[in-house]
Amino acid sequence: EADIYQTPRYLVIGTGKKITLECSQTMGHDKMYWYQQDPGMELHLIHYSYGVNSTEKGDLSSESTVSRIRTEHFPLTLESARPSHTSQYLCASSELGTNTEAFFGQGTRLTVV
Amino acid sequence: GQQLNQSPQSMFIQEGEDVSMNCTSSSIFNTWLWYKQDPGEGPVLLIALYKAGELTSNGRLTAQFGITRKDSFLNISASIPSDVGIYFCAGQFLGNQFYFGTGTSLTVIP
């Protein structure tokens, strides 16, 4: 069973609010990822990190930002939420190198009203 | 970014039937992964494949790493109602990011 946790599981927030989605893993993985997924649709990579102080943008343009101050923690922040940000956000982690596997958290379902 | 094409997009089958789905890419990968996702949850890893031609089983699930390294297949034997969900493939080349397929939605009719 994967030891990667996301909070909150569900969030309903008003337009213009600042929010931070939390993601923590206890597997000691160096690589961490944030994906955005609409219900039943494919996953789109929005941010990833190779380790502490490393952050990279993914294929899908996103107005969110991330930070990686500790290996186990990879929070995602939206400075000003908009209805277009309504989606499911999935955090994942993996080891560095080849022949690795990505493990996912349970996701945060964000609704911006 | 890289897109993996998964087929079929959806399947409706009777309980007890076998299921086959596949994933193709225009690029080669050296890792193929298969996940299952339930509504409102994160994907759960089912099977990992690391070698071209490799055939790996996990209970009633069997997956294969295609010889060309551009495709992978997942079979589910004797389906049961709890097999319902969306199945995603994912590929990785060397240590780079994971690319995900478009998903196959499976419905099992009791």
Side-chain angles (χ1 to χ4, degrees), chain A residues 1-10 21 23 25 27 29-51 54 56-62 87-111, chain B residues 1-11 23 25 27-52 54 56 58 63 65 69 72 84-107:
Chain A
E1 187 152 329
D3 295 317
I4 179 164
Y5 308 99
Q6 290 186 241
T7 57
R9 287 292 314 277
Y10 305 94
L21 308 184
C23 177
Q25 51 96 5
M27 295 175 282
H29 287 167
D30 285 307
K31 276 189 95 169
M32 295 188 74
Y33 316 79
W34 277 103
Y35 291 87
Q36 186 174 342
Q37 182 190 33
D38 291 326
M41 304 298 286
E42 61 198 282
L43 284 71
H44 295 285
L45 182 67
I46 51 175
H47 296 285
Y48 60 103
S49 166
Y50 288 103
S54 156
E56 306 284 344
K57 289 188 180 294
D59 297 324
L60 182 68
S61 175
S62 173
S87 189
Q88 168 143 286
Y89 292 83
L90 292 163
C91 180
S93 72
S94 73
E95 294 178 344
L96 282 175
T98 59
N99 293 352
T100 61
E101 302 152 8
F103 296 94
F104 283 86
Q106 292 180 294
T108 293
R109 178 72 193 162
L110 174 66
T111 303
Chain B
Q2 177 73 260
Q3 181 157 0
L4 276 61
N5 295 311
Q6 230 175 301
S7 65
Q9 186 175 1
S10 61
M11 302 181 74
C23 196
S25 168
S27 303
I28 62 172
F29 289 118
N30 61 348
T31 298
W32 281 99
L33 306 172
W34 283 93
Y35 292 86
K36 178 177 182 277
Q37 186 177 28
D38 292 327
E41 300 289 331
V44 174
L45 182 65
L46 300 172
I47 292 181
L49 302 157
Y50 302 116
K51 191 175 175 182
E54 179 182 357
T56 296
N58 178 7
F65 193 136
R69 296 171 64 190
S72 180
V84 165
I86 300 179
Y87 292 79
F88 287 98
C89 62
Q92 184 192 41
F93 181 68
L94 298 179
N96 296 323
Q97 60 179 287
F98 295 92
Y99 293 97
F100 283 82
T102 47
T104 294
S105 175
L106 177 64
T107 300

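Lettering follows sequence order; numbering is per chain, from 1. Side chains included, hydrogens not; waters and symmetry mates left out as well; all remaining heavy atoms used. If you're wondering where the values come from, they're calculated on a predicted model, not measured in any experiment.
- Looking at B/L94, both its backbone and its side chain come within 4.5 Å of chain A, counting heavy atoms on both sides.
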Problem - Candidate pair B/F100 and A/F104, rule ring-ring contact (aromatic ring centres under 6.0 Å, His included), full reasoning - result: CA-CA 13 Å; B/F100 283 82; A/F104 283 86; 5.7 Å; yes
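- Salt-bridge check for B/E41 with A/R9: passed, with a basic side-chain N closer than 4.0 Å to an acidic carboxylate O.
- B/Y99 places none of its side-chain heavy atoms less than 4.5 Å from the side chain of A/L45.
- For the atom pair A/F103 CZ and B/L33 CG, the distance stands at 9.0 Å (nearest 0.5 Å).
- Heavy atoms of other residues, nucleotides or ligands lying less than 6.0 angstrom from CD of B/Q9 number 12 at most.
- A distance of 12.5 Å separates CZ of B/F98 from OH of A/Y48, quoted to the nearest 0.5 Å.
- For B/T102, the parts sitting under 4.5 Å from any heavy atom of chain A are the backbone and the side chain alike.
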Taking distance alone, no hydrogens or angles, what donor-acceptor pairs closer than 3.5 Å link side-chain atoms of residues 89-97 of chain A to residues at least two apart or in another chain?
residue	atom	partner	partner atom	Å
A/Y89	OH	A/H85	O	2.7
A/S93	OG	A/H29	ND1	2.8
A/S94	OG	A/Y33	OH	2.7

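- For B/Y50 (side chain) and A/T98 (main-chain N/O), no donor-acceptor pair under 3.5 Å exists by modelled atom type.
- In this structure, chain A has no heavy atom under 4.5 Å from any part of B/F93.
- Annotation: the span from A/N99 atom CG to B/Q92 atom CD amounts to 8.0 Å, rounded to 0.5 Å.
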Listing, residues 37-44 of chain A side-chain donor-acceptor contacts under 3.5 Å, not counting sequence neighbours, or none:
residue	atom	partner	partner atom	Å
A/Q37	OE1	B/Q37	NE2	2.9
A/Q37	NE2	A/M41	O	2.8
A/Q37	NE2	B/Q37	OE1	2.8
A/D38	OD1	A/S87	OG	3.1

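- Of the two parts of A/E101, the backbone and the side chain both hold a non-hydrogen atom closer than 4.5 Å to a non-hydrogen atom of chain B.
- Your options are B/G42, B/G101, B/P43, B/G40, and the one with the most heavy-atom pairs under 4.5 Å with chain A is B/P43.
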